[in-house]
Amino acid sequence: MYDLVVIGGGINGAGIARDAAGRGLRVLLCEKDDLAAHTSSSSTKLIHGGLRYLEHYDFALVRKALIEREVLLKAAPHIIWPMRFVLPYQSGLRPAWMIRLGLFLYDHLGGRKILPPTKVLSRRSSDKLGPLKPHLVKAFEYSDCWVEDARLVVLNAVDAKAKGATILTRTECTSLEADGGTWSVGLRGEQGADQTVQARAVVNAAGPWVETVAGHAVGRSNTAHVRLVKGSHLITQKLFEGDHAYFFQNGDGRIMFAIPYENGTLTLIGTTDLPYDGDPGEVHISDSEIDYLCDGASEYFDTPITPDKIVSTYAGVRPLYDDLSADASSVTRDYVLSRDTIADAPMISVYGGKITTYRKLAEGVLDLLGQDLEINASAWTEAAPLPGGDVPGADFERFFKDVRKRYDWMDPSLVHRLARAYGSRIGEVVNGAETAEQLGHHYGAGLYQAEVDYLVRTEFA
């Protein structure tokens with residue numbers, strides 16, 4: 001008998017499983033595909049407050065996200081790091097006073113301590129406007145953070161397992177039936193093997209499939225609905241030098257980012273906001289979205305962004321809570337936790353949310369289940385590093401200098417990638433090797449047998 005079964009191996013499901021296991025609950029997480037296989041690896045890869053949400057007066061969400069931004073930065077400085085964003089002033093769109101006011105609030109709503117504040121740039125004071133069209137002579141520069149989104153999911157799952165949770169990938173929830181205060185959860189593994197587990201409570205964190213999973217629960221009343229919104233991205237040839245990103249305002253009121261990607265060798269451009277009613281597992285970018293993103297970026301970059309510059313694309317579906325907004329881009333990004341009790345057995349369904357606020361969402365779920373599961377342990381994740389994140393002072397650069405000396409026999413690009421991916425656990429990956437040959441078979445692109453073995457042993461590969 002489990003205390004809690006979590007359905008869905010995206011960021012919300014993994015975060016909930018980690019929090020619950022850390023409070024001593026018996027937890028099982030099932031994911032029908034792989035961890036972070038869908039929405040949670042298809043984001044714009046930012047830990048941010050959501051500057052544009054201020055326009056929708058969503059101050060509570062922005063404040064919550066801004067506070068979490070620094071909490072997560074300290075918890076995982078190897079996969080999350082600060083990034084400066086350049087917002088060019090474009091005459092005829094949002095007035096300068098509105099941008100200044102928004103950035104002032106952005107700097108102060110969340111009690112910023114680590115990240116540097118906003119400043120004003122000009123072509124005379126900064127070369128960051130160099131790649132942009134000549135008429136763009138002024139910009140505002142502010143702080144947010146970049147995140148390796150799929151790694152964030154995996155590290156939450158790794159920590160959940162370390163605290164006793166059972167993590168089952170390639171395992172689909174096929175049925176939910178409640179009786180006498182207990183859930184019977186039907187599971188089907190990759191080879192078609194069926195099993196049934198018992199649980200005192202269920203959390204439905206299936207993302208775009210949240211209503212499909214909820215439909216398995218006999219007698220459930222539909223108290224909330226998901227609204228699927230597609231977000232697509234372009235990966236292009238490198239468009240500019242530097243480790244900063246750009247925040248562009250589009251003429252239709254939406255916004256767009258251009259971000260250094262893969263150690264600055266490429267550029268990531270996104271995203272779109274379109275209603276989606278297809279299969280969430282088959283989502284892909286459309287020709288019209290490619291045109292929209294190219295045209296939007298070309299409004300700012302001096303060199304036009306054309307399809308021949310595109311290296312790759314990806315798209316994801318955001319499972320937002322349907323607040324009945326007319327415009328997909330204005331639908332709330334905050335989460336809604338919907339509770340149902342069937343035959344005295346509780347189920348929480350998770351709607352919406354952002355990567356940035358996943359940890360607070362998990363705390364909210366545990367608060368809702370506190371009485372049902374007789375949870376006595378208090379919230380604990382705010383000050384707890386994620387696996388590999390126990391870097392002194394959350395200072396990755398100083399940490400990497402030490403790692404570089406320790407593995408001076410390793411190719412610099414490889415040791416940097418391993419340090420970023422695994423942080424203080426890099427030693428467990430290298431596993432005592434002192435030469436490249438001792439890392440085992442080289443599969444190409446810097447992937448050695450030692451890392452493969454670690455991924456199988458520790459990270460559910």
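Side chain to side chain, Arg18 and Thr381 fail the donor-acceptor criterion of an N or O pair below 3.5 Å. In this model, no donor atom of one side chain and acceptor atom of the other lie less than 3.5 Å apart for Ser40 and Asp149. Between the side chains of Ser286 and Glu289, at least one donor N or O sits under 3.5 Å from an acceptor N or O. Glu68 and Thr356 share no donor-acceptor pair across their side chains, judged by distance under 3.5 Å alone. Between the side chains of Asn12 and Tyr351, no donor-acceptor pair of N or O atoms lies under 3.5 Å. If you check the side chains of Ser175 and Arg188, you find no donor sitting under 3.5 Å from an acceptor. If you check the side chains of Asp308 and Thr306, you find a donor sitting under 3.5 Å from an acceptor. For the residue pair Glu177 and Ser184, no side-chain donor N or O sits within less than 3.5 Å of a side-chain acceptor on the partner. With 3.5 Å as the limit, one finds a donor-acceptor pair spanning the side chains of Ser424 and Asp390. At a cut-off of 3.5 Å, with distance as the only test, a side-chain donor of Glu451 or Tyr422 sits close to an acceptor on the other residue.
A donor-acceptor pair is defined here as one N or O able to donate and one able to accept, closer than 3.5 Å; no such pair exists between the side chain of Thr118 and the backbone of Tyr142. Put simply, the side chain of Asp395 gets close to the backbone of Arg398: a donor and an acceptor are under 3.5 Å apart. Tyr407 contributes no side-chain N or O that, together with a main-chain N or O of Thr435, makes up a donor-acceptor pair within less than 3.5 Å. Under the 3.5 Å distance criterion, the side-chain polar atoms of Trp183 are matched with a main-chain donor or acceptor of Pro346. When atom types are taken as modelled, the side chain of Glu211 and the backbone of Val226 share a donor-acceptor pair closer than 3.5 angstrom.
Under the 4.5 Å side-chain criterion, counting only non-hydrogen atoms from C-beta, Val283 is in contact with Tyr276. Residues Ile80 and Trp146 form no side-chain contact, since every pair of their non-hydrogen atoms from C-beta on lies 4.5 Å or further apart. Between Val27 and Tyr2 the shortest side-chain heavy-atom distance does not fall below 4.5 Å. Lys309 has its side chain within reach of Leu239: a pair of non-hydrogen atoms, C-beta onward, lies under 4.5 Å apart. Under the 4.5 Å side-chain criterion, counting only non-hydrogen atoms from C-beta, Leu293 is in contact with Thr272.
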Working for salt bridge (Lys or Arg N to Asp or Glu O under 4.0 Å), residues Glu148 and Arg420: CA-CA 9 Å; Glu148 298 286 0; Arg420 274 294 185 199; over 6 Å; no

CA sep, side-chain torsions, deciding dist, call: Arg52, Asp273, salt bridge (Lys or Arg N to Asp or Glu O under 4.0 Å): CA-CA 13 Å; Arg52 72 184 183 91; Asp273 276 302; 3.7 Å; yes

Would you sort out whether Lys64 and Asp334 count as a salt bridge (Lys or Arg N to Asp or Glu O under 4.0 Å), showing the intermediate values? CA-CA 10 Å; Lys64 178 165 54 181; Asp334 209 351; 3.1 Å; yes

Glu459/Arg151 under salt bridge (Lys or Arg N to Asp or Glu O under 4.0 Å): CA gap, chis, key distance, verdict: CA-CA 10 Å; Glu459 296 196 359; Arg151 293 295 302 153; 2.6 Å; yes

Quick one, Glu190 with Thr171, criterion side chain to side chain contact (heavy atoms under 4.5 Å, CB included). Give me CA distance, side-chain angles, the key distance, then yes/no. CA-CA 6 Å; Glu190 189 174 12; Thr171 302; over 6 Å; no

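With respect to Glu363 and Arg359, a salt bridge is recorded, a charged nitrogen being found less than 4.0 Å from a carboxylate O. A salt bridge is absent between Glu70 and Lys113: the closest approach of a Lys/Arg side-chain nitrogen to an acidic carboxylate oxygen does not fall below 4.0 angstrom. Salt-bridge formation is not detected for the pair Asp372/Arg200: no Lys NZ or Arg NE/NH1/NH2 atom is positioned less than 4.0 Å from an Asp or Glu carboxylate oxygen. A salt bridge is defined here as a Lys NZ or Arg NE, NH1 or NH2 lying under 4.0 Å from an Asp or Glu carboxylate O, and Asp402 with Arg406 fails to meet this definition. A salt bridge is defined here as a Lys NZ or Arg NE, NH1 or NH2 lying under 4.0 Å from an Asp or Glu carboxylate O, and Arg457 with Glu428 fails to meet this definition. Glu397 and Arg404 are not joined by a salt bridge, as no carboxylate oxygen comes within less than 4.0 angstrom of a charged side-chain nitrogen.
A centroid separation of less than 6.0 Å is found between the aromatic rings of Tyr246 and Phe240. Ring centroid separation for the pair His442 and Tyr448 comes in under the 6.0 Å cut-off. Ring pair Phe248/Phe301: centre-to-centre distance below 6.0 Å. Aromatic ring centres of Phe85 and Phe140: separated by at least 6.0 Å.
Considering Ile7, Leu187, Asp3 as possible partners of Leu28, the one that fulfils the side-chain contact (heavy atoms from CB on, under 4.5 Å) test is Leu187.
Asn250 approaches Gly296 most closely through the heavy-atom pair OD1-CA, 4.3 Å. When all heavy atoms of Thr44 and Leu268 are compared, the closest pair comes out as O-CD2, 4.0 Å. Closest approach of Pro82 to Cys145, counting heavy atoms only: CA-SG, 4.1 Å. A pairwise comparison of heavy atoms in Pro319 and Leu228 identifies CA-CD2, 4.1 Å as the closest pair. Closest non-hydrogen pair, Met256 versus Ile269, comes out as SD-CG2, 3.8 Å. Among all heavy-atom pairs drawn from Ala206 and Val213, the shortest one is CB-CG2, 3.7 Å.
Tyr292 carries Arg254 over the face of its six-membered ring, with the cationic atom under 6.0 Å from the centre and within 45° of the normal. Taking the ring centre of Phe396 as origin, the terminal cationic atom of Lys401 falls outside the region bounded by 6.0 Å and 45° from the ring axis. Judged by the 6.0 Å distance and 45° axis criteria, Arg227 is not positioned over the aromatic ring of Tyr321. A cation-pi contact, defined as under 6.0 Å to the ring centre and within 45° of the axis, links Lys45 to Tyr314.
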